[in-house]
Asker: 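Dropping a structure here in structure tokens format, bear with me for questions.
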Amino acid sequence: MQISQKKITAVQRKILSFYRQHHRDLPWRKTTDPYKILVSEVMLQQTQVSRVITYYSNWVRRWPTIQHLARASRAEVLEAWMGLGYNTRAVRLHQAAKTIVSAFDGDVLGAMQHYHDIRGVGRYTAHAVQIFATNANLVAVDTNIRRIFIKEFYLPESVPDQQLWQLAERCLPKGNSRTWHNALMDYGALHMTAKTTGIKPKTSQSRFSGSDRQIRAAILRMVLKQDCSFKELQRQLNVDPQRLDTILGSLSKEQLILRKNTMIALHPD
DNA sequence: GTCCCGACGG
DNA sequence: CCGTCAGGAC
């Protein structure tokens, strides 16, 4: 990629220097508990820090260990998640807790090394948990870090992930991974923002109003209160039956709801 | 309208 | 590779 070691060192200095003066004090940075870090990372997937803070604090107070979460009911978990968005994440986090307790003896870090077995945990999240929990010499490239690298090293926005992750490994100050990644996050979120750089995120989202996402959320809210009939949902949400049926199909497949005959209930644990 | 410490299925 | 998934802040 012909990026000099000199340039890399300069970027490291600049970002670490920024971090010493402007670092954010976030609740999940006060712990090295892999379970709590995992909760924070799943919540932070495509969700702003400011919106995660209270959800995270409430969550870890209510379910302080992965064993507590594994014993929780699906309804409790979804109730606590509602409002954060991308509700499938809650189901997957709950399932992950159960799998980690039953198949990994509660060892979150061990599970992160076999993240392909844990749905809802990809390479980014698996590495991030290990980095922030144990200061592991791994790299994780999120939307902030991607933007920083593109800007600092003059890369095209079309740069493949593979190259970004390779470059990230060259930039990693070994033995200082946790601080380095926190520094990158803060530099990207506070200083080198999407607005100031004009660099667009990898995936853009469709409009929310009138979308299936909006209807999915409305359905979940109703079913969370009590079981509903198909007709009741159709009347309340004012959506055509065919579309409602399709949406209910996807919600069922993702194990958020359960359909029995014409009744719709929250999916059991 | 745009973005946010991604992951998944097709 | 491409579309989908919440919700609020700006």
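Numbers restart at 1 for each chain; the letters A, B, ... are given by sequence-line order, proteins then strands. Note that the structure is a prediction, hence the values are computed from the model and not measured.
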Asker: Is A:A217 touching bases, backbone alone, or none of the nucleic acid, heavy atoms closer than 4.0 Å?
Answerer: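 The answer is sugar-phosphate, as A:A217 gets under 4.0 Å only of primed atoms, P, OP1 or OP2.
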Asker: How would you label the contact of A:W81 with the nucleic acid (heavy atoms, under 4.0 Å): base, sugar-phosphate, or nothing?
Answerer: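 No contact at all - A:W81 keeps every heavy atom at 4.0 Å or more from the nucleic acid.
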Asker: Whether the side chain of A:Q214 engages the backbone of A:G210 through a donor-acceptor N/O pair (distance < 3.5 Å, no angle test) should be reported.
Answerer: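 Here the side-chain-to-backbone pair exists.
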Asker: Given C:dT4, is OP1 or OP2 found less than 4.0 Å from the side-chain N or O atoms of A:R213?
Answerer: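 False: A:R213 side-chain N/O out of range (4.0 Å or more) of C:dT4 OP1/OP2.
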Asker: Please list all pairs meeting side chain to side chain donor-acceptor pair (under 3.5 Å) that have one or both residues in residues 96-116 of chain A, counting only residues at least two apart or in different chains.
Answerer: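 Those involving residues 96-116 of chain A do not exist here.
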Asker: How is A:Q205 classified with respect to the nucleic acid when contacts are heavy atoms under 4.0 Å: base, sugar-phosphate, or nothing?
Answerer: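 Base: the residue A:Q205, judged by heavy atoms under 4.0 Å, touches a nucleobase.
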Asker: Would you say the side chains of A:Q46 and A:Q205 form a donor-acceptor pair under 3.5 Å?
Answerer: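 Checked: A:Q46/A:Q205 side chains show no N/O donor-acceptor pair below 3.5 Å.
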Asker: Base, sugar-phosphate, or nothing: which does A:L184 touch, judged by heavy atoms less than 4.0 Å apart?
Answerer: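 The answer is nothing, as A:L184 stays clear of every strand by at least 4.0 Å.
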Asker: Which residue in the set A:I219, A:L266, A:L251, A:V223 passes side chain to side chain contact (heavy atoms under 4.5 Å, CB included) when paired with A:L256?
Answerer: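 Per the side chain to side chain contact (heavy atoms under 4.5 Å, CB included) rule, the option paired with A:L256 is A:L251, out of A:I219, A:L266, A:L251, A:V223.
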Asker: Using a 4.0 Å heavy-atom cut-off across all strands, classify A:R146 as base, sugar-phosphate, or nothing.
Answerer: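 Since no nucleic acid heavy atom lies under 4.0 Å of A:R146, the category is nothing.
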Asker: Are the side chain of A:Q67 and the backbone N or O of A:G106 linked by a donor-acceptor pair below 3.5 Å?
Answerer: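 Absent.
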Asker: Scan A:L26 against the nucleic acid and name what it touches under 4.0 Å (heavy atoms): base, sugar-phosphate only, or nothing.
Answerer: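 Base contact.
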Asker: For nucleotides 8-10 of chain C, print each protein N/O atom paired with a nucleotide N/O atom at under 3.5 Å, atom names and distance only.
Answerer:
residue	atom	partner	partner atom	Å
C:dG8	N2	A:Q48	NE2	2.5

Asker: Using a cutoff of under 3.5 Å, can you pull out all pairs of nitrogen or oxygen atoms linking the protein to nucleotides 6-10 of chain B, with atom names and distances?
Answerer:
residue	atom	partner	partner atom	Å
B:dG6	OP1	A:T143	N	3.2
B:dG6	OP2	A:Q46	N	3.0
B:dG6	OP2	A:Q46	NE2	3.4
B:dG6	O3'	A:T125	OG1	3.4
B:dG6	O6	A:T203	OG1	3.2
B:dA7	OP1	A:G122	N	2.9
B:dA7	OP1	A:T125	N	3.1
B:dA7	OP1	A:T125	OG1	2.6
B:dC8	OP1	A:G120	N	2.6
B:dG10	OP1	A:K253	NZ	2.9

Asker: I'd like to check the side-chain contact (heavy atoms from CB on, under 4.5 Å) partners of A:R51; sequence neighbours left out, ordered by chain and number.
Answerer: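 Checked A:R51 against side-chain contact (heavy atoms from CB on, under 4.5 Å); matches are A:T47, A:Q48.
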Asker: Report which part of the nucleic acid A:Q214 touches: base, sugar-phosphate, or nothing (heavy-atom distance under 4.0 Å, all strands).
Answerer: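 Since no nucleic acid heavy atom lies under 4.0 Å of A:Q214, the category is nothing.
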Asker: If you look only at pairs with a residue in residues 12-26 of chain A, which of them pass as a salt bridge (charged side-chain N to carboxylate O under 4.0 Å, His left out), with sequence neighbours excluded?
Answerer: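 Applying salt bridge (charged side-chain N to carboxylate O under 4.0 Å, His left out) to every pair that reaches into residues 12-26 of chain A, excluding sequence neighbours, yields A:K14-A:E152, A:R24-A:D186, A:D25-A:K30.
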Asker: Within this structure, what is the CG-to-P distance between A:D186 and B:dC5, rounded to whole angstrom?
Answerer: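 A:D186 atom CG is separated from B:dC5 atom P by 10 Å.
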Asker: Taking only residues two or more places apart in sequence or in another chain, which ones pass side-chain contact (heavy atoms from CB on, under 4.5 Å) with A:T31?
Answerer: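 If we apply the side-chain contact (heavy atoms from CB on, under 4.5 Å) test to A:T31, skipping adjacent residues, the hits are A:D33, A:K36, A:I37, A:Y56.
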Asker: What nucleic acid atoms does A:K195 come within less than 4.0 Å of, heavy atoms only: base, sugar-phosphate, or nothing?
Answerer: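 Result for A:K195 = nothing.
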